[in-house]
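Below: the structure, in structure tokens.
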Amino acid sequence: MAERLWKAEETREGIAPLTTSVPSLTPEEAYQIQLINIRRKVDRGERVVGKKIGLTSKAMQQLLGVNEPDYGHLLDTMEIKAGDRVPWEKLLQPKVEGEIAFILKKTLKGPGLTYLDVINAVECIVPAIEIVDSRVRDWNIRLPDTIADNASSGLFLLGKEAIPLRDIDLTEIGMALYVNDTLINTGAGAAALGNPLYSAAWLANFLGRFGIPLEAGEIVLSGALSAAVDVRPGDKVAIQFSDWETLTLTF
């Protein structure tokens with residue numbers, strides 16, 4: 001199954017859901033599939049630079065019939081810089097989301113951590129755009145499908161205006177997402193599990209079950225602040241974060 005996802009990404013041809021051929025596929029097995037392809041990318045020279053948290057909104061959890069988020073790996077090859085053209089040739093069916101990213105200064109290793117531990121471990125926050133994508137045709141996914149597919153990861157962009165956590169209430173950070181100068185939706189920090197700090201604590205504790213830490217220096221994308229928005233070649237996306245930075249991308 002890992003090979004099917006690998007080939008779909010290489011050829012940009014979507015596949016049927018893994019859960020169609022293996023209805024009994026569990027989240028635990030799906031994470032093993034995810035790790036097979038992450039190890040394969042690391043073996044060819046790519047580098048893990050952080051983690052992303054998905055399914056942080058109640059609406060998405062209800063849609064997939066789950067009661068907790070999932071996570072995927074961020075690789076150095078997934079990061080794009082402000083002003084760069086988004087490489088459409090790497091994508092299949094992308095959507096964009098505005099997020100808050102944590103940059104860690106200390107290692108976090110669960111279980112048993114709280115949001116206070118996250119605060120002590122975070123160097124700063126920056127605004128971010130995540131371009132989510134799915135190798136599963138038409139986004140016809142169940143939880144094991146998205147987990148196996150690296151939590152439907154695609155690319156990401158980090159802003160430049162870093163803010164210390166002590167200077168801001170994450171729940172009140174507002175966001176407005178525009179496509180081709182048209183406002184599509186708005187959101188706020190509270191959309192990510194009630195507070196992005198709770199998302200990061202969940203991730204550290206979840207990884208702690210397997211003895212995996214969040215390392216100092218890693219990036220953590222803490223979850224979407226609004227619904228993901230479809231994009232097409234030629235689209236210009238702008239995500240405005242209140243009293244902060246505006247990030248733009250052109251596809």
Side-chain angles (χ1 to χ4, degrees), residues 50-72 74 94-104 113-119 122 124-134 139 141 143 146-147 150-159 161-179 182-206 214 219-231 237-249:
K51 308 290 191 300
K52 62 151 288 182
I53 307 169
L55 305 180
T56 52
S57 74
K58 290 299 181 184
M60 283 303 299
Q61 290 181 13
Q62 290 170 2
L63 182 65
L64 294 184
V66 298
N67 59 8
E68 67 176 10
D70 68 350
Y71 87 94
L74 301 177
K95 302 173 183 281
V96 294
E97 300 174 341
E99 304 201 14
I100 296 168
F102 296 108
I103 311 298
L104 299 181
L113 301 181
T114 71
Y115 75 94
L116 295 175
D117 296 298
V118 177
I119 290 174
V122 170
C124 62
I125 59 170
V126 293
I129 296 178
E130 184 182 4
I131 302 171
V132 294
D133 201 4
S134 180
W139 283 90
I141 55 174
L143 179 63
T146 184
I147 290 174
N150 197 25
S152 301
S153 296
L155 305 169
F156 67 96
L157 167 70
L158 299 180
E161 294 185 13
I163 299 176
L165 274 180
R166 65 178 179 273
D167 293 343
I168 197 163
D169 181 346
L170 297 185
T171 65
E172 294 184 357
I173 293 177
M175 183 219 75
L177 193 158
Y178 297 82
V179 178
T182 299
L183 178 63
I184 304 300
N185 64 32
T186 60
L193 282 190
N195 188 321
L197 291 168
Y198 301 159
S199 295
W202 171 85
L203 176 60
N205 288 326
F206 184 84
L214 288 172
I219 302 157
V220 176
L221 295 182
S222 59
L225 306 189
S226 67
V229 173
D230 293 329
V231 286
V237 174
I239 301 184
Q240 182 178 12
F241 294 82
S242 58
D243 300 318
W244 205 2
E245 190 173 359
T246 298
L247 304 180
T248 61
L249 287 174

For W244, ring pair (Phe, Tyr, Trp, His ring centres under 6.0 Å) partners two or more places apart: F241

E245 side chain vs G159 backbone, donor-acceptor pair below 3.5 Å: no

With T186 via side chain to side chain donor-acceptor pair (under 3.5 Å) - residues at least two apart: none

G72 to N150 - nearest heavy-atom pair and separation: CA-OD1, 3.2 Å

Reported CG-to-CD1 distance for the pair L74 and I219, which is rounded to 0.5 angstrom: 6.5 Å

Contact summary for P94 and I131, nearest pair of heavy atoms: CB-CG2, 3.7 Å

Straight-line distance of F156 CZ to L221 CG, nearest 0.5 Å: 6.5 Å

Contacts of type salt bridge (charged side-chain N to carboxylate O under 4.0 Å, His left out), residue D133, not counting sequence neighbours: R135

Nearest-0.5 Å distance, NZ of residue K51 to OG of residue S222: 15.0 Å

For D243, all residues meeting side chain to side chain donor-acceptor pair (under 3.5 Å), sequence neighbours excluded: none

Those residues that, when tested against A191, pass side chain to side chain contact (heavy atoms under 4.5 Å, CB included) (two or more places apart): none

Min side-chain heavy-atom separation P127-I239 under 4.5 Å: no

Heavy-atom closest pair, residues A192 and G223: CB-O, 4.3 Å

Any side-chain heavy-atom pair of V118 and L113 under 4.5 Å: no

Minimum heavy-atom distance between L193 and Y198, given as atom pair plus value: O-CD1, 3.3 Å

side-chain contact (heavy atoms from CB on, under 4.5 Å) between F102 and L165, worked out: CA-CA 9 Å; F102 296 108; L165 274 180; 4.1 Å; yes

Listed partners of Y178 passing side chain to side chain contact (heavy atoms under 4.5 Å, CB included), at least two apart: A176, L183, A238, Q240

Salt bridge (charged side-chain N to carboxylate O under 4.0 Å, His left out) contacts in which one or both residues fall within residues 220-231, not counting sequence neighbours: K95-D230

Minimal non-hydrogen separation, A227 against N185, with atom names: O-ND2, 3.0 Å

Residues forming a side chain to side chain contact (heavy atoms under 4.5 Å, CB included) with S242, sequence neighbours excluded: none

Interatomic distance, I125 atom CD1 to I163 atom CD1 [nearest 0.5 angstrom]: 5.0 Å

Nearest heavy atoms of L158 and A128, plus distance in Å: CD2-CB, 4.0 Å

Pairwise distance CG(L249) to CG(L157) - rounded to 0.5 angstrom: 5.0 Å

Listed partners of N67 passing side chain to side chain contact (heavy atoms under 4.5 Å, CB included), at least two apart: none

Set of residues satisfying salt bridge (charged side-chain N to carboxylate O under 4.0 Å, His left out) with respect to E97, sequence neighbours excluded: none

Separation between CH2 of W202 and CG of D70, rounded to the nearest 0.5 Å: 6.5 Å

K52 side chain vs S153 backbone, donor-acceptor pair below 3.5 Å: no

With E172 via salt bridge (charged side-chain N to carboxylate O under 4.0 Å, His left out) - residues at least two apart: none

Test side chain to side chain donor-acceptor pair (under 3.5 Å) applied to T146 - qualifying residues, sequence neighbours left out: S152

